[in-house]
Amino acid sequence: VRLVESGGDLVQPGGSLTLSCTASEFTLDDDYAIAWFRQAPGRQREGISCINSEKRILDYASSLKGRFTISRDNFKNTVYLQMNGLKPEDTAVYYCAAPNSPFCPTLTDLTEFEYDFWGQGTPVTVSS
């Protein structure tokens, strides 16, 4: 199981980015939920949002709802994170991850430990 993120970049405040998470060596189909996390310098990793195999979304960070949107295209074996209105505090390495399940783990202090497969991360820098 391999996940590869892409799309990270340097962007000005107020700008937009779309991150992609492509699965290789397996197909998403009905078997896996996928989530996005991020980790800012000096901070703990933070869950953003999860989308299950039925495309139902579980938001982990209510503060990001409305600016960040997760979606998936099983035909392309890819999950996306659309980010709008970016702020300097959104600067972080963004990771996608999958539990060994089609369902999104609920949000707890230990949520990230319920994810079995992780990508290598893609950096996003928001700066003028």
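Nothing here was measured: the structure is a model prediction, and the numbers come from that model. Heavy-atom basis, side chains included; hydrogens, waters and symmetry copies ignored.
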**Message:** Just so I know, are the side chains of Pro13 and Pro88 near enough to count as touching, which here means a heavy-atom distance under 4.5 Å?
**Reply:** yes
**Message:** Within the structure provided, determine whether Leu3 and Ile34 are in side-chain contact (heavy-atom separation under 4.5 Å).
**Reply:** yes
**Asked** Can you tell me if Asn74 uses its side chain to pair, donor with acceptor, with the backbone of Asn77 under 3.5 Å?
**Response** no
**Close side-chain approach of Tyr80 to Asp73, heavy-atom, < 4.5 Å** = yes
**Prompt:** So, for Arg67 and Gly85, which heavy atoms are closest and what is the spacing to 0.1 Å?
**Reply:** NH1-O, 2.9 Å
**Message:** Please evaluate residues Gln82 and Ser16 with respect to the criterion side chain to side chain contact (heavy atoms under 4.5 Å, CB included), reporting the C-alpha separation (whole Å), side-chain torsions for both, the decisive distance (0.1 Å), and the verdict.
**Reply:** CA-CA 8 Å; Gln82 174 68 42; Ser16 297; 4.0 Å; yes
**Asked** Would you say Ser49's side chain and Tyr60's backbone share a donor-acceptor pair under 3.5 angstrom?
**Response** no
**Prompt:** Measuring from Leu86:CG to Ser127:OG, what's the distance to the nearest 0.5 Å?
**Reply:** 12.0 Å
**Validation row: Trp36, Ile70 side chains within 4.5 angstrom (heavy atoms)** = yes
**Asked** What about the rings of Phe37 and Trp118, do their centers lie closer together than 6.0 Å?
**Response** yes
**Fill in**
The single option from Asp90, Thr18, Val124 that satisfies side chain to side chain contact (heavy atoms under 4.5 Å, CB included) with Met83 is Val124
**Request:** If the plane angle is over 60° it's perpendicular, under 30° parallel, otherwise tilted; pick one for Phe68 and Tyr94.
**Result:** tilted
**Prompt:** Any side-chain heavy-atom pair from Gln39 and Gln44 closer than 4.5 angstrom?
**Reply:** no
**Common cluster, Leu64/Leu17, ILVMFWY with side-chain heavy-atom separation under 4.5 Å** = yes
**Item:** side chain to side chain contact (heavy atoms under 4.5 Å, CB included) between Thr111 and Arg45, intermediate numbers included
**Value:** CA-CA 10 Å; Thr111 296; Arg45 189 149 50 190; over 6 Å; no
**Message:** Regarding Thr78 and Thr22, do their side chains bring together a donor and an acceptor under 3.5 Å, going by distance alone?
**Reply:** yes
**Message:** Contact between Gln120 and Val4 at the side-chain level, heavy atoms closer than 4.5 Å - yes or no?
**Reply:** yes
**Request:** Answer with yes or no whether the hydrophobic clustering places Phe117 together with Leu19; edges join I, L, V, M, F, W, Y residues whose side-chain heavy atoms lie under 4.5 Å apart.
**Result:** yes
**Check: Glu114 side chain, Pro105 main-chain N or O, donor-acceptor pair, under 3.5 Å** = no
**Request:** Taking Arg2 for its side chain and Ser24 for its backbone only, find out whether a donor-acceptor pair lies under 3.5 Å.
**Result:** no
**Message:** Donor-acceptor check, side chain of Asn52 to backbone of Glu54, threshold 3.5 angstrom: yes or no?
**Reply:** yes
**Prompt:** Is Thr125 reaching over with its side chain to a backbone N or O of Leu10, donor-acceptor style, under 3.5 angstrom?
**Reply:** no
**Sidechain-backbone polar pair: Glu5 side chain, Gly121 backbone, donor-acceptor under 3.5 Å** = yes
**Message:** I'd like to know if the side chain of Asp116 reaches the main chain of Asn100, judged simply by a donor and an acceptor atom lying under 3.5 Å from each other, with no hydrogens or angles considered.
**Reply:** yes
**Contact summary for Cys50 and Ala33, nearest pair of heavy atoms** = SG-CB, 3.9 Å
**Message:** Would a single hydrophobic cluster contain both Phe103 and Ile57, if residues Ile, Leu, Val, Met, Phe, Trp and Tyr are joined by side-chain heavy-atom contacts under 4.5 Å?
**Reply:** no
**Asked** Which heavy atom in Lys87 sits nearest to a heavy atom in Val126, and how many Å separate them?
**Response** O-CB, 3.2 Å
**Prompt:** Going by heavy atoms in the side chains, are Thr69 and Leu81 under 4.5 Å from each other?
**Reply:** no
**Item:** Single-linkage hydrophobic cluster, 4.5 Å side-chain cutoff, Ile48 and Tyr32 together
**Value:** yes
